[in-house]
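None of these values were measured; they are calculated from a predicted model. In what follows, chains are A, B, ... by sequence order, proteins preceding strands, each numbered from 1.
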Amino acid sequence: MPAAMEASLSLSQQSTPQGSSSFFVSLLQQCKSAADCRHLHHQYLLHSLHATPFVSNHLVQTYGIFASIEDTFCVFATMPRRNIFSWTSMVVAYARHGLGVCSINKMLTLGKHIHTYIHLNGFDCNAYVGTALIDMYGTCGCVEMARAAFDAIRAKDVVSWTAILTVYAQHDEGATALELYIKMKNDGVLANDVTYCSVLNACANLADLEVGRRIHADTCTLGFWSSSLVNNAILNITALVTTYAYAYHGHAKHVVRLFAKMKQEGVKPDEVTFTSLLSACSHAGLIDEASRNFRSLKEDQGVARTMEHYACMVDLHGRVGQLGEAEELIREMPFPPNHVIWEIFLGACRMHKDMEHGQFAAEQVLQLAPDKSAPYVLLSNLYASEGKWEEELKIRKLMIERGVQKQVGCSSIEVDGVLHHFMVRDRSHLRTEEIYAELERLNLEMKAEGYVPETNQVLHDVEEELKEQLLFYHSEKLALAFGLVSTPRGTPLHVVKNLRICSDCHTAAKYISKIRGREIIMRDYNRFHRFKDGLCSCGDYW
DNA sequence: CTAGGGTTAG
């Protein structure tokens, strides 16, 4: 490619400057790697194309996609003149790099820096620049800053509204997202399919099927009934709510039926539709249904298999312990597996105690996503559950060396409109004495019913009795105990945890729901669990 | 001539 570019570019030297700049842009659009970018950058300087602002802007955009954020910034900073387009493209580059190429903290630091300049130049009131900033902060998990960027926009259009709605929906603030949707309508801004996609996603996160139905009705009235974006969001909401919050296998079959109905009505399913379907099947254990669809995807349904489809299938086999089949799928994938695939496989190895494969999978994850704390935690868990303390220590040291921070678990529960937060072994709550006394009582009652603490879940190399204690002061259990002592008998308890729910806490919640006759709804990092009469809606399958 | 928002796998 570079050689071809060079040849074609030297030909264009003869033509007018106008002609060579549009030709250069068409070459930029064929760029496929950082090396291509640098090569074209060289040509750009050689042909003095920096004199044409729109060419420089294209170069920044292309660098933003393929090259490092430092290199992109360098191009941006050496432009003779920067306009609104340049600033927008630079912020988009920051947002994109926040998505895993760089560490989020680094992005946030650099992003805030550029935000200051944007503000000083008064560009933050522009809808394009502002919306890019919303997206950047959202990607970095900074909801307040995203909101500030939104507020600064003078003429907020449908894209700005959708961007901020999405940030709230993706950060467990579905209620705020829905409020903003109403506000947007009151402001006279017309929602489009992308907006509805986000609004429906907010409903899914809230597990609010009722509001979801109402909004679905709105979309039909407005003529979005055939939009695959909106339809996929609706299928997703149904899949999420029915499989995770309300029921067992029968309801996942409802998703399968809904899917069939969709096809009957002439709505063509796309890759995303199938990802939702396969995922619902996987979580409900509908192996045959999933496998049949996966196998016939290309031939019968005309949809190319994606990374996500493979992820669902690896998960499906992995969770039932068919590690060989899962591995086979990874091997036959037509593209290199990403870190998510290996994380799923690693989770399955951990669940089924396959150290050898687990270690290999963990190494792949560490290589592909060195900034993520999850693989380190999973690997150290794996070693810990096998009692390999030296190996476990090595992983933890590596984590410190690389500056990877483990996210601290935190559970919240709402009582009388007030949100109470708990960390592990937290004693900061005003009613700590009562909470710990309740935990003691629960411990005895649960053991009488047959509860055995899963001490192999505890990370540290400590004595059995101490392990049991460490488990018992998990944030989930503290939040539950507080809920029990502070609400009237029979009140359902709603707990939200920022990470995946711990397996021992999951077991404990089942016992507690039975012993105390309470319904417990726990919202985990990406799932709902509904505990009732000693059982969980996930069927211990999550 | 160039710029901003979306669903899905964990």
query = Which pairs, with at least one residue in residues 312-345 of chain A and sequence neighbours excluded, count as a ring-ring contact (aromatic ring centres under 6.0 Å, His included)?
reply = Tyr310(A)-Phe335(A), Trp342(A)-Phe360(A)

request  = Name the closest nucleotide to the Ser276(A) side chain, picking from dG5(B), dA9(B), dT8(B).
outcome  = dT8(B)

ask   = What residues, two or more places apart in sequence or in another chain, satisfy salt bridge (charged side-chain N to carboxylate O under 4.0 Å, His left out) together with Arg292(A)?
value = Glu289(A)

Side-chain donor-acceptor pair present, Asn293(A), Gln301(A), cut-off under 3.5 Å = yes

Derivation of the ring pair (Phe, Tyr, Trp, His ring centres under 6.0 Å) call for Phe224(A) and Tyr196(A) = CA-CA 9 Å; Phe224(A) 291 115; Tyr196(A) 278 115; 5.7 Å; yes

Among dG5(B), dT2(B), dA9(B), the one nearest Val158(A) by side-chain distance = dG5(B)

query = Which part of the nucleic acid does Asp270(A) contact within heavy-atom distance under 4.0 Å: base, sugar-phosphate only, or nothing?
reply = nothing

task = Mind checking Ala233(A) for me? I need base, sugar-phosphate or nothing, with any heavy atom below 4.0 Å counting as a touch.
result = nothing

key: Polar pair under 3.5 Å, donor/acceptor by atom type, side chain Asn126(A), base dG4(B)   = no

inquiry  = In this structure, how many angstroms lie between the C1' atom of dT7(B) and the CD atom of Glu308(A), rounded?
reply    = 11 Å

ask   = Which part of the nucleic acid, if any, lies within reach of Ile84(A) when heavy atoms closer than 4.0 Å are counted: base, sugar-phosphate only, or nothing?
value = base

query = Should the pair Tyr44(A) and His41(A) be assigned to parallel (<30°), tilted (30 to 60°) or perpendicular (>60°) ring geometry?
reply = tilted

request  = Measure from NE2 on His339(A) to C1' on dA9(B) and round the result to the nearest Å.
outcome  = 11 Å

query = Roughly how many Å is it from CG in Leu165(A) to C1' in dG5(B), rounded to a whole number?
reply = 10 Å

key: Residue-phosphate contact under 4.0 Å: Gln29(A) side-chain N/O, dT2(B) OP1/OP2   = no

ask   = Is Ser160(A) side chain donor-acceptor paired with the dG4(B) base, going by distance under 3.5 Å alone?
value = yes

query = Across the strands shown, which category fits Asp157(A) at heavy-atom distances under 4.0 angstrom: base, sugar-phosphate, nothing?
reply = base

remark   = Winner on side-chain proximity to Asp315(A), out of dG10(B), dA9(B), dA3(B), is dG10(B)

inquiry  = Is Asn236(A) close enough to dT8(B) that one of its side-chain N or O atoms is under 4.0 Å from OP1 or OP2 there?
reply    = yes

inquiry  = Under a 3.5 Å cutoff, is there a donor and acceptor pairing between the side chains of Thr221(A) and Asp218(A)?
reply    = no

query = Roughly, in whole Å, what's the span from CH2 in Trp161(A) to C1' in dG4(B)?
reply = 16 Å

query = Does Asn201(A) put a side-chain nitrogen or oxygen below 4.0 Å from OP1 or OP2 of dT8(B)?
reply = yes

ask   = Which nucleotide in the list dA9(B), dA3(B), dG5(B) gets nearest to the side chain of Ile344(A)?
value = dA9(B)

task = Measure from CG on Asn57(A) to P on dC1(B) and round the result to the nearest Å.
result = 12 Å

query = dG10(B), dT7(B), dA3(B): which one has an atom nearest the side-chain heavy atoms of Gln170(A)?
reply = dT7(B)

ask   = Mind checking whether Trp87(A) and Phe76(A) have parallel, tilted or perpendicular rings, split at 30° and 60°?
value = perpendicular

task = Determine if Phe54(A) stacks with dT2(B); use a centre-to-centre distance below 5.5 Å and an interplanar angle below 30° as the criteria.
result = no

request  = Tell me what Val340(A) touches on the nucleic acid: a base, only sugar-phosphate, or nothing, going by heavy atoms under 4.0 Å.
outcome  = base

message = Categorize Asn192(A) for me: base, sugar-phosphate, or nothing, with a 4.0 angstrom heavy-atom threshold over every strand shown.
response = base

task = Describe the nucleic acid contact of Thr306(A) in one word from base, sugar-phosphate, nothing, applying a heavy-atom distance below 4.0 Å.
result = nothing

task = In whole angstrom, give the distance that lies between atom CD of Gln61(A) and atom P of dT2(B).
result = 9 Å

ask   = At under 4.0 Å between heavy atoms, what does Asn232(A) touch on the DNA or RNA strands: base, sugar-phosphate, or nothing?
value = base

key: Nearest-angstrom distance from the residue atom CE of Met313(A) to C1' of dT8(B)   = 16 Å

query = When you measure from the side chain of Phe85(A), which nucleotide among dA9(B), dA3(B), dG5(B) comes out closest?
reply = dA3(B)

task = Send over the distance from Ile215(A) CD1 to dT7(B) C1', rounded to a whole Å.
result = 15 Å

